[in-house]
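Notes to accompany the following structure.
Throughout, protein chains are lettered first and strands after them, A, B, ... in sequence-line order, and every chain is numbered starting at 1. Quick note: numbers below take in every heavy atom, side chains included, and nothing from hydrogens, waters or symmetry partners.
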Amino acid sequence: MDYTTRPREFNFNQKVYEIVKKIPKGKVTTYGSIAKMLGDPHLSRQVGWVLHANKSSEVPCHRVVDRTGRLAPNFAFDGAEEQRRRLESEGVGFADEIHVDLNSCLWQE
DNA sequence: AAAGTGACGCATT
DNA sequence: TAATGCGCCACTT
């Protein structure tokens with residue numbers, strides 16, 4: 001990481017990771033929620049960027065969806081199907097093929 | 001260096 | 001109700 005030119009970004013990334021790691025099993029959260037927890041509701045896009053940059057890692061990014069509950073892109077993991085499968089096995093309910101049931105599974109501090 | 005792009009979200013048309 | 005536009009910020013070309 002380049003602290004000189006991107007000090008803010010570095011800190012932001014760390015925070016995002018910390019939050020995502022805290023998501024309990026069987027729950028999901030949204031990019032917007034994470035951004036809000038960080039203090040700036042408008043950083044939702046960056047949250048997505050951070051997760052994409054890290055994708056498959058120690059961070060359970062499959063528990064992060066957009067504000068409608070829609071699963072992220074087919075580009076992540078092995079495809080949206082894989083993500084849905086993982087979420088379902090954790091007990092996350094689905095409204096339809098690509099939308100989680102935020103009503104009962106949305107996690108918030 | 002400038003413009004285009006994107007794991008988003010909200011307001012407006 | 002659906003479609004479009006704009007803000008936000010880092011990345012890529």
Side-chain angles (χ1 to χ4, degrees):
Chain A
M1 280 304 177
D2 189 313
Y3 294 84
T4 311
T5 61
R6 303 193 290 265
R8 241 169 109 214
E9 178 200 339
F10 181 78
N11 190 26
F12 183 77
N13 283 12
Q14 293 305 306
K15 288 181 176 179
V16 172
Y17 297 146
E18 289 306 307
I19 291 178
V20 175
K21 284 187 197 169
K22 284 182 190 168
I23 303 176
K25 187 179 178 187
K27 292 282 184 181
V28 298
T29 194
T30 69
Y31 303 99
S33 291
I34 294 176
K36 245 176 198 176
M37 294 177 202
L38 297 175
D40 294 314
H42 301 290
L43 298 179
S44 53
R45 211 156 197 168
Q46 266 53 332
V47 174
W49 174 80
V50 170
L51 294 181
H52 185 172
N54 229 20
K55 38 183 171 174
S56 55
S57 293
E58 57 243 51
V59 186
C61 20
H62 58 279
R63 297 191 189 136
V64 184
V65 296
D66 71 13
R67 99 151 189 86
T68 69
R70 188 171 68 108
L71 293 180
N74 312 318
F75 310 115
F77 314 101
D78 292 323
E81 298 178 12
E82 183 65 20
Q83 185 177 5
R84 185 177 107 241
R85 197 183 156 86
R86 290 174 85 169
L87 289 172
E88 283 182 316
S89 70
E90 292 185 355
V92 177
F94 274 73
D96 64 52
E97 294 292 308
I98 60 172
H99 291 80
V100 301
D101 183 3
L102 287 178
N103 204 345
S104 60
C105 297
L106 178 60
W107 173 77
Q108 32 202 346
E109 278 186 302

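Side-chain atoms of A:R45 stay outside donor-acceptor range of the base of B:dG9, with no qualifying N/O pair under 3.5 Å.
Look at the C1' atom in both C:dA2 and B:dA7: the space between them is 23 Å, to the nearest Å.
Residue A:H62 forms a side chain to side chain donor-acceptor pair (under 3.5 Å) with just one option from A:E82, A:E90, A:R84, and that option is A:E90.
The OH-P distance, from A:Y31 to B:dG9, rounds to 8 Å in whole Å. In this structure, the CG atom of A:N13 is 10 Å from the P atom of C:dA10, given to the nearest Å. As a whole-Å value, the separation of A:L38 CG from B:dC8 P is 16 Å. As a whole-Å value, the separation of A:R67 CZ from B:dC10 C1' is 8 Å. When the C1' atom of B:dC8 is taken as reference, atom NZ of A:K36 falls 13 Å away, rounded to whole Å. Atom NE2 of A:H42 is separated from atom P of B:dG6 by 22 Å (rounded to the nearest Å). C:dC8 atom C1' lies 10 Å from atom CZ of A:F12, rounded to whole Å. Taking atom CE of residue A:M37 and atom P of nucleotide B:dC8, one finds them 17 Å apart after rounding to whole Å.
Distances were taken from every side-chain heavy atom of A:L51 (C-beta onward) to each of B:dG9, B:dA7, B:dC8; the shortest belongs to B:dA7. The side chain of A:W49 sits closest to C:dA10 out of B:dA7, C:dA10, B:dG6.
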Show the numbers, then the answer: is there a side chain to side chain contact (heavy atoms under 4.5 Å, CB included) between A:L43 and A:W49? CA-CA 10 Å; A:L43 298 179; A:W49 174 80; over 6 Å; no
Where do A:H99 and A:T68 land on the side chain to side chain contact (heavy atoms under 4.5 Å, CB included) test, with the steps shown first? CA-CA 7 Å; A:H99 291 80; A:T68 69; 3.8 Å; yes
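Taken to the nearest 0.5 Å, the OG1 atom of A:T29 stands 7.5 Å off from the CD atom of A:Q108.
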